Amino acid sequence: MSRHLQANISDEQKNEILYQMAELALSESASLISSQGHSKVKFTVDSIGLKSKQGLDSLFNPQKPDMLAVCHRVDGVCSGHIVFLLEEQSALVFTKEVLNEGDQMQEMSEMEEEALTEIGNIIINNFLGNYAQILDESVSTVIPTLKRRHYIQLVDELSNEPDDKEFYIVKFSLEIATHSFCAFILWFDHFCQLGSSETEQQKMTTLKD
Amino acid sequence: MQNMLQQFDSLTRDAMLFDAIDSGLIVLNQKGEVVVWNKWMIQHSFIDSEKALKQTFLMLFPDMSKRLQMAVSDALSQHLSSIISARLELSVLPLYQNEESFQLDKRIPHSLTVTPVQMQQQHWCLIQVKDATRRENMEIALKRTVLEIDTMVSKSKEQEFQLQTILNNTLDSIVILNRLGRISGFYSSAQKMFGYSEYELLGKPLSVLFPSPFNRSFEMLINEAKDDEPFSVFEQAKSLKSNGEIFHSDIAINSIFEGEDMQFIITIKDITERQIAQDALYREKEQAQVTLSSIADGVITTDIIGQINFINPAALKLTGYKHEELINKRIDRVITIQSDNNLFPVFQCIESGQQVDSISGDVLISKSGSQLVIHQVASPIHNQLGDIIGAVMIFRDVSKSHRLASRLSWQASHDELTQLFNRREFENQLERFIDSARNESSQHCLCYMDLDKFKVVNDTCGHAAGDELLRQLADIFRTKIRGADTLSRLGGDEFAIILNKCGLGPAVNIAEEIRATIEDFRFGWDDQSFQVGISIGLVLIDIDSPDQEEVFKAADSACYAAKEAGRNRVHIYSPDDTEISQRRGESRWMVRIQNALDQDRFQLNYQPIIGISEGSADSIHYEILLRMLSEDGELIPPGAFMSSAERYLLMPKIDIWVIENLFCWLSQHGDYNSSDIFAINLSGQSLADESLLYRIKQLFNEYSIPAKRISFEITETAAISNLSQAQVFIAELKQLGCKFALDDFGSGLSSFAYLKSLPVDYLKIDGAFVKDMVDDPIDRAMVESIHNIGSVLKLKTIAEFVENAEILSALKEVGVDFAQGYGIARPKPLPTDGSKLF
């Protein structure tokens with residue numbers, strides 16, 4: 001398809017692009033983390049789509065609402081927040097497996113939290129890096145931070161949009177050793193608007209081609 | 001210049017700031033070259049700034065990890081920040097704590113942040129390095145502590161679980177009380193024992209579990225327990241179940257401290273079974289004690305070294321000692337027993353592990369020196385493991401029965417009148433001498449002696465005179481023989497001497513001396529003087545002698561020959577004597593008896609046997625007695641011919657003659673309405689004669705005699721000698737309705753066991769015991785004993801030789817059923833004139 005095709009792309013097309021970007025980013029991240037950690041990890045994209053705050057209960061488990069989130073503030077053209085998060089207990093088990101920590105502690109130490117932050121950083125950086133490269137957008141991030149929040153609270157904190165405003169969410173599975181977890185990438189603010197400008201639309205069309 | 005100074009000042013200030021930071025600071029320009037390398041980096045990388053600056057970061061660290069490369073690249077090209085943790089990839093850069101670490105290449109753990117920065121409108125990159133050593137150490141310490149705590153908690157949980165398991169599964173009940181004495185813990189074992197659940201009892205007082213007064217006692221103890229002093233009590237008490245059942249229990253109460261709080265653990269053990277066992281044991285012990293104290297046998301127990309540890313009253317009485325004189329003393333040092341055994345039976349049984357039964361005849365010497373004949377049995381005592389721990393000796397005084405046995409034994413072998421050996425013993429002795437002659441090639445002589453003119457004295461002066469004469473002659477014979485010789489009275493006026501190790505020559509001399517002495521002897525009675533003589537037959541016993549019967553026959557023949565030759569002489573046996581005897585048909589008595597049978601020269605006499613006990617008072621029996629009539633019509637008592645009749649196997653003929661003639665008399669004179677019973681004597685030879693049995697049955701039929709009116713008397717000796725035939729004989733005639741009596745009972749020395757195998761109806765107590773029972777307690781004891789045996793076996797007892805009213809009275813006291821003797825009625829001939837018998 002040429003550049004000069006219709007600039008408007010649908011949400012489905014956006015999803016498709018994001019899906020591929022996510023797959024690529026997660027695949028690269030898995031390789032890097034596997035080489036650095038003690039166990040082989042595998043990330044598989046399950047779904048990608050738009051969600052609003054109201055739809056969070058259907059996405060997450062209200063019985064286990066406490067999440068650990070590696071938060072990246074994105075500056076530049078694409079500003080906003082992009083977050084890698086998963087349930088706190090899953091994060092504990094996942095991190096200890098990656099680090100091959102055999103202890104029975106039910107909380108992560110500071111250094112383990114730092115490692116999880118790095119893992120999130122690797123994933124997000126790959127994601128953003130691919131995005132910036134493909135769409136020729138400039139992004140910059142600051143050093144990520146680790147937050148421990150209820151998912152609704154987290155969304156409230158990171159999203160500047162009204163409650164009914166949607167945000168992109170990538171749901172993917174983490175597999176390590178005999179464990180399998182559900183993890184998410186939430187992208188607030190900018191990416192929702194992805195494709196709203198003509199330039200972006202063109203780029204996305206090109207991508208699609 | 002000022003600009004340069006300003007710039008220099010700014011740079012210096014920046015450098016001072018960078019060096020002040022306690023972490024590594026690296027700034028890379030757009031090209032990746034190091035533009036800032038702070039003091040921390042110098043100190044920990046051992047790369048000075050001169051070397052570091054102007055180098056690219058990659059050149060400085062050619063072995064840099066891919067992650068760091070990416071992070072730097074992301075920061076410079078894509079302005080992405082990165083964090084590289086100290087844990088995910090260890091020691092990204094070669095940084096060291098000190099020189100020593102550097103030498104050993106022991107890197108410090110560190111984390112990095114890589115941040116894009118805008119500098120001079122270029123994209124630079126700031127790398128901050130943080131030493132993670134302290135954090136790591138703290139983490140290790142924390143994890144170690146957590147592990148230790150986990151281990152402790154785990155162990156504690158395990159211990160608690162184990163304790164809980166123990167408390168819930170112990171057979172004893174565990175109850176916890178708080179300081180106030182209220183139940184605060186009630187484990188499964190207690191729940192099972194008492195039948196309560198835990199929640200039912202929590203907070204409850206002890207009275208729920210223990211009835212009064214035990215609960216009050218425990219509560220008082222608990223209340224009085226001091227907080228700072230350990231408390232421990234052990235008691236037996238009664239406990240109370242939920243269903244009201246009370247049981248015996250062992251109770252232990254101990255204080256425990258949980259923190260500063262004092263609590264009490266009560267352990268309850270149900271001892272019901274133990275109590276039952278103890279009670280049973282006590283009862284058994286009591287029973288044993290009472291039994292041992294009551295029995296007449298002496299019982300002494302010892303330990304394994306023979307030390308006495310128990311004596312019963314009977315043993316004290318028999319030994320004559322006091323308890324303290326025997327207890328804990330060695331048995332062989334305090335008790336004296338004369339025995340053929342060298343070793344005390346107690347030691348013998350301990351050594352062998354078997355029961356030791358002493359031969360009767362051991363003599364216990366009591367403290368006073370009196371001698372008791374005892375029968376003793378020693379048995380080992382074992383413990384539960386089977387080890388011998390001592391012995392028990394049981395003994396009884398058998399002096400009386402020993403004396404009795406000796407007396408019976410003497411009576412069985414001696415003639416009561418003359419105190420000489422009787423016929424039976426003579427035959428035994430003769431057998432021994434014949435064996436001795438064969439085995440030792442020795443010689444003995446048998447003198448068969450028959451008095452001459454004895455009948456004159458008997459007939460003239462009576463039996464008493466005849467008996468006295470025999471006694472005096474016996475005394476004379478005793479003076480003529482040596483100690484090793486055997487002197488016997490064979491019966492009637494016949495005597496025999498076996499001269500030990502004596503040839504014919506000396507035997508003739510002795511016999512001749514006897515003859516001469518008798519010839520010179522004068523017997524005085526009732527102012528009359530009588531001269532008697534003696535005919536003696538001599539036979540040599542040597543290696544060639546035949547059996548005892550033949551030797552006896554030979555002596556008898558020799559004596560007969562002496563008689564034939566004119567009496568008052570000694571005749572040495574020669575084969576001709578037997579021939580003569582045989583030519584004359586048989587020996588004299590055999591001929592006489594046979595003739596008497598043929599000529600019916602026997603006379604039936606009767607002697608009443610009256611009932612003297614309650615159940616027998618209406619009964620009268622009559623014993624049939626036989627007299628022989630000589631050719632001259634003189635009465636010959638059975639003692640004179642019976643032994644010969646037996647010797648020449650004529651008893652069956654005599655017995656059948658008696659039966660047939662009695663039946664004939666009964667058929668002619670007997671009262672068929674009468675219930676009187678006639679008792680007929682049967683010999684042992686008759687018992688063994690099957691044809692006789694058949695003949696007797698025939699006679700019952702021929703004369704139509706009711707069998708129930710006839711009783712047969714057989715001697716104890718005859719019955720035992722022919723036991724199986726006797727059993728058949730008795731069974732056959734009892735089937736007809738006859739009764740049987742065992743005659744002369746008590747003198748035969750046979751076991752009472754045989755008595756059970758003979759289906760008799762009466763026991764005739766040997767007259768030898770009856771006639772002296774008033775004066776001799778042993779004889780009375782024998783009569784009582786025989787009567788008791790008879791009673792147990794449901795036999796009636798008949799006492800013979802009842803010579804006077806005193807004896808009769810004594811018999812009535814004993815309970816004997818019937819009495820017979822001169823004191824009741826003398827024997828008389830059966831009447832033929834129809835007169836009443838009694």
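Bear in mind that the values here come from a model prediction, so they are computed numbers and not experimental data. Order of the sequence lines fixes the chain letters, A, B, ..., with proteins taken first and strands second; residue numbering starts at 1 for each chain.
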Item to check | Heavy-atom proximity to chain B below 4.5 Å, by part of A/L32 | outcome: side chain
Checklist entry - For the side chain of A/T141 and the backbone of B/S81, is there at least one donor-acceptor N/O pair under 3.5 Å apart? => result yes
Next on the checklist: I'd like to know if B/R87 and A/E118 make a salt bridge, using a cut-off of under 4.0 Å between side-chain N and carboxylate O.
Outcome noted: no
Checklist entry - So how far is it from A/S31 OG to B/K66 NZ, rounded to the nearest 0.5 Å? => result 7.0 Å
Checklist outcome for this item: Closest heavy-atom pair, A/I143 versus B/V114, reported as atoms and distance to 0.1 Å, is CD1-O, 3.8 Å
Next on the checklist: Looking at B/Q103, I'd like to know if its CD atom is crowded, meaning that more than 12 non-hydrogen atoms belonging to other residues, nucleotides or ligands lie closer than 6.0 Å.
Outcome noted: yes
Checklist outcome for this item: All heavy atoms of A/G129 vs all of B/Q78, minimum pair found to be CA-OE1, 2.8 Å
Checklist entry - What is the minimum heavy-atom distance between A/A115 and B/S85, and which atoms define it? => result CA-OG, 3.5 Å
Item to check | Over 12 foreign heavy atoms within 6.0 Å of CD, B/Q118 | outcome: yes
Next on the checklist: Using side chain to side chain contact (heavy atoms under 4.5 Å, CB included), reason through A/L99 and B/L88 one step at a time and then give a plain yes or no.
Outcome noted: CA-CA 6 Å; A/L99 300 177; B/L88 196 58; 3.9 Å; yes
Next on the checklist: Need one label for B/M138: side chain, backbone, both or neither, based on atoms under 4.5 Å from any heavy atom in chain A.
Outcome noted: neither
Checklist entry - Are there more than 12 heavy atoms of other residues, nucleotides or ligands under 6.0 Å from atom CD of B/E160? => result no
Next on the checklist: Show, in sequence, the C-alpha distance, side-chain angles and deciding distance for B/S82 and A/N125, and conclude whether the side chain to side chain contact (heavy atoms under 4.5 Å, CB included) test is met.
Outcome noted: CA-CA 8 Å; B/S82 296; A/N125 275 3; 3.0 Å; yes
Next on the checklist: Under a 4.5 Å cutoff for heavy-atom pairs, which residue among A/I119, A/L116, A/I122, A/L128 has the most contacts with chain B?
Outcome noted: A/I122
Checklist entry - If you take all heavy atoms of A/N121 and B/R67, which pair is closest and at what distance? => result OD1-NH2, 2.9 Å
Item to check | Gap between atom CG of B/D74 and atom OG of A/S140 - 0.5 Å precision | outcome: 12.5 Å
Checklist entry - So, does A/E114 use its side chain to make a donor-acceptor pair with the main chain of B/A86 at under 3.5 Å? => result yes
Item to check | For the student: nearest non-hydrogen atoms of A/M111 and B/R135, plus distance | outcome: SD-C, 3.8 Å
Next on the checklist: Take a 6.0 Å sphere around CZ of A/R73 and say whether it holds more than 12 heavy atoms from other residues, nucleotides or ligands.
Outcome noted: no
Next on the checklist: Can you tell me how far apart CE (B/M70) and CD (A/E28) are? Round to the nearest 0.5 Å.
Outcome noted: 7.0 Å
